Amino acid sequence: MNDERAQVADFARSLLGRTFTGHGVAVRISEVEAYGGVTDPASHAYRRTERSEIMYGEPWRLYVYRSYGLHWCVNIVTGPASIAGAVLLRAGSVVDGLALARERRGDVPDAQLARGPGNLGHALAITKADLGVDVCETTSVHLGPMLSTPEKIRSGPRVGVSRAADVPWRFWVAGDPSVSAYRRNPRAG
DNA sequence: TAGGCGATGACCT
DNA sequence: GGTCATCGCCTAC
């Protein structure tokens with residue numbers, strides 16, 4: 001089981017530096033969080049419900065959910081299906097479609113266009129309509145190639161989760177200005 | 001069927 | 001540093 005959990009963390013790290021395109025805007029991924037599925041109390045897949053069902057299926061699918069009624073958060077299902085792992089895309093820097101991203105996000109500094117999971121989803125115009133798409137297919141939402149290997153990857157506790165908050169499964173590119181600030185969930189103890 | 005709560009972000013002091 | 005908007009989903013009744 002530990003090996004499978006390590007796979008999810010490796011998957012998360014491997015996404016850093018890759019591009020992710022959503023409806024005409026592309027970002028270079030700078031921050032992610034890994035969720036270990038059935039063995040991870042912080043994961044939506046910890047309980048198998050209709051919503052989390054997609055994480056028990058094929059890897060490379062998009063899992064989109066709404067947070068606090070306002071924000072769309074973007075996850076990539078990693079597999080293996082036996083543990084229902086997924087990786088949350090938390091932040092990135094816009095590398096293509098800058099004008100469109102600015103239009104969607106309004107008057108904010110470029111480094112903040114896709115800073116934080118809600119903002120990233122907004123900049124890429126990801127909604128529930130994109131739930132379940134295969135990100136390896138070159139459609140309006142897809143995962144692109146590695147732009148450049150990140151020089152230094154750092155890790156730390158995940159942001160905002162109230163359970164298993166001390167598991168260091170947040171990974172980010174050191175020094176990247178688009179990485180969001182760490183904030184601990186007040187319920188995490 | 002009702003109530004509680006959250007993998008957030010923006011704005012306030 | 002603290003507060004709050006806002007609504008879909010999950011759980012308990």
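Worth saying up front: this structure is predicted, and the values here are computed from it rather than measured. Within every chain, numbering begins at 1; the chains are lettered A, B, ... in the order of the sequence lines, protein sequences first and strands thereafter.
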**Asked** Would the number of heavy atoms belonging to other residues, nucleotides or ligands and lying under 6.0 Å from CZ of A/R66 be above 12?
**Response**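 Correct, the count exceeds 12.
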**Prompt:** Taking the side chain from A/T78 and the backbone from A/G85, do they hold a donor-acceptor pair closer than 3.5 Å?
**Reply:**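 Yes; judged by distance alone, with no hydrogens or angles, the pair exists.
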**Message:** Does A/R51 reach a base, just sugar-phosphate, or nothing at all? Heavy atoms under 4.0 Å.
**Reply:**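 A/R51: backbone/sugar contact only, no base atoms under 4.0 Å.
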**Request:** Check whether any side-chain N or O of A/K128 sits under 4.0 Å from OP1 or OP2 of C/dC7, and answer yes or no.
**Result:**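 Result: no.
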**Prompt:** Are any of A/R47's side-chain N or O atoms less than 4.0 Å away from OP1 or OP2 of C/dT11?
**Reply:**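 Indeed, a polar side-chain atom of A/R47 lies that close.
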**Prompt:** Any side-chain heavy-atom pair from A/D166 and A/R184 closer than 4.5 angstrom?
**Reply:**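 Yes, close enough: below the 4.5 Å cut-off.
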**Item:** Check: A/V25 and A/V94 side chains under 4.5 Å, non-hydrogen atoms
**Value:**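 Yes, their side chains come closer than 4.5 Å.
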**Prompt:** Parallel, tilted or perpendicular for A/Y63 and A/H44, by the 30°/60° rule?
**Reply:**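 Correct class here is perpendicular.
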**Prompt:** Paired with C/dG2: which nucleotide, if any, by Watson-Crick or G-U wobble criteria at under 3.5 Å for both distances?
**Reply:**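 By the stated definition (distances under 3.5 Å), B/dC11 pairs with C/dG2.
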**Item:** Any strand: nucleotide that pairs with B/dG6 via Watson-Crick or wobble, under 3.5 Å
**Value:**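 Because both required distances fall under 3.5 Å, B/dG6 counts as paired with C/dC7.
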**Message:** For A/V32 versus A/A12, what's the shortest heavy-atom pair and its separation?
**Reply:**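 Looking at all heavy atoms of both residues, the shortest contact is CG2-O, 3.4 Å.
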**Message:** For nucleotides 3-13 of chain B, give me one character per nucleotide, 5' to 3': B if any protein heavy atom sits under 4.0 Å from the base, S if the only such contacts are to the sugar-phosphate, - if neither.
**Reply:** ---BBBBB---
